[in-house]
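Encoded as structure tokens, the structure appears first; notes follow it.
Counting from 1, the numbers follow the sequence of the chain as shown.
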Amino acid sequence: MWELQSASFWRAIFAEFFATLFYVFFGLGASLRWGPGPLHVLQVALAFGLALATLVQAVGHISGAHVNPAVTFAFLVGSQLSLLRALSYMAAQLLGAVVGAAMLHSVTPPAVRGNLALNTLHPGVSVGQATAVEILLTLQLVLCIFATYDERRNGRLGSVALAVGFSLTLGHLFGMHYTGAGMNPARSFAPAILTRNFTNHWVYWVGPIIGGGLGSLLYDFLLFPRPKSVSERLSVLKGTRPRDPSAQPEGTGEPAELKTQAL
């Protein structure tokens with residue numbers, strides 16, 4: 001429980017709350033239908049992608065900018081953060097998403113508010129097909145995040161924030177017509193709460209969680225394995241104080257963060 005005594009831990013929790021709040025506010029806000037015309041997929045895809053890229057740049061060095069319970073679950077499966085931190089991140093993300101959606105709801109005219117529920121299945125798409133799409137969309141996003149965040153890569157190319165943002169944009173460009181491109185349980189949960197529409201809502205939890213877990217296993221155990229023993233992985237999951245001699249504690253004498261928590 002040493003993390004609970006660390007100011008940097010609580011800063012990271014707040015960063016996840018703050019980042020998810022703005023991700024939902026701007027992403028869903030750009031997705032509202034203000035007129036009778038069709039919803040422009042490119043506009044929505046770029047809005048969510050640019051929002052995530054901005055937030056990765058803003059808070060990535062503080063919390064890792066997961067902004068997504070499925071991404072946090074992927075890092076947990078890869079034994080890159082403690083169970084306590086993972087659960088705290090998820091709680092902060094869900095709360096931030098609800099607050100962001102509520103803020104958007106409060107500043108939006110009543111006639112437009114009904115369009116907050118972006119995640120809906122296409123009439124011709126079954127729940128099985130939708131779940132498969134959500135798995136694949138989240139899988140590619142997690143693979144991109146793991147690859148760009150990986151501290152073992154020397155000379156990482158380009159911008160981490162833009163790479164992650166483009167990966168999310170790609171998911172929306174493909175997935176909007178199938179499922180509305182959830183890829184994020186918090187982003188799907190918040191408008192469902194406000195609109196009280198939970199039709200097929202489980203798809204937007206099961207798909208991303210499975211996709212995130214598969215992405216973590218694929219990257220950490222097959223594509224670029226991490227040489228960690230079972231005891232080392234359990235130590236991370238339990239939140240044992242890190243003993244990396246190269247890790248420098250903060251000036252206040254607080255425990256150092258694990259290296260995989262930041263970009």
Can you check side chain to side chain contact (heavy atoms under 4.5 Å, CB included) on V127 and W202, steps first, answer last?
CA-CA 9 Å; V127 291; W202 63 269; 3.9 Å; yes
Run the side-chain hydrogen bond (donor to acceptor under 3.5 Å, both in side chains) test against S31 and tell me which residues pass, sequence neighbours left out.
none
Could you check T148, V142, L143 and say which one makes a side chain to side chain contact (heavy atoms under 4.5 Å, CB included) with F146?
V142
Sequence neighbours excluded, the answer for side chain to side chain contact (heavy atoms under 4.5 Å, CB included) partners of S126 is Q129
Go through it in stages, so that I can follow the logic: the residues are Y219 and D150, the test is side-chain hydrogen bond (donor to acceptor under 3.5 Å, both in side chains), and I'd like the CA-CA distance, side-chain angles, deciding distance and then a yes or no.
CA-CA 10 Å; Y219 186 84; D150 197 339; 2.8 Å; yes
Students often mix this up, so state it plainly: with edges at 30° and 60°, are the rings of F26 and F22 parallel, tilted or perpendicular?
parallel
How about T20 and L55: do any of their side-chain heavy atoms sit closer than 4.5 Å?
no
Hits for side-chain hydrogen bond (donor to acceptor under 3.5 Å, both in side chains) against S106, two or more places apart or cross-chain, chain-then-number order -> none
Tell me, please, which residues at least two apart from S167 pass side-chain hydrogen bond (donor to acceptor under 3.5 Å, both in side chains).
Q140
Is it true that H172 and F48 have ring centroids separated by less than 6.0 Å?
yes
Looking only at side chains, do Q93 and N184 share a donor and an acceptor under 3.5 Å apart?
no
With R196, which residues qualify under salt bridge (Lys or Arg N to Asp or Glu O under 4.0 Å), at least two apart?
none
Co-members of I193 in a cluster of I, L, V, M, F, W and Y side chains, linked at under 4.5 Å
L94, V98, F189, F198, W205
Is there a side-chain contact between S82 and L237 (heavy atoms, below 4.5 Å)?
no
If you measure from CG on L217 to CG on L139, what distance do you get to the nearest 0.5 Å?
10.5 Å
Between the CG atom in N119 and the CZ atom in R187, the distance rounded to the nearest 0.5 Å is 4.5 Å
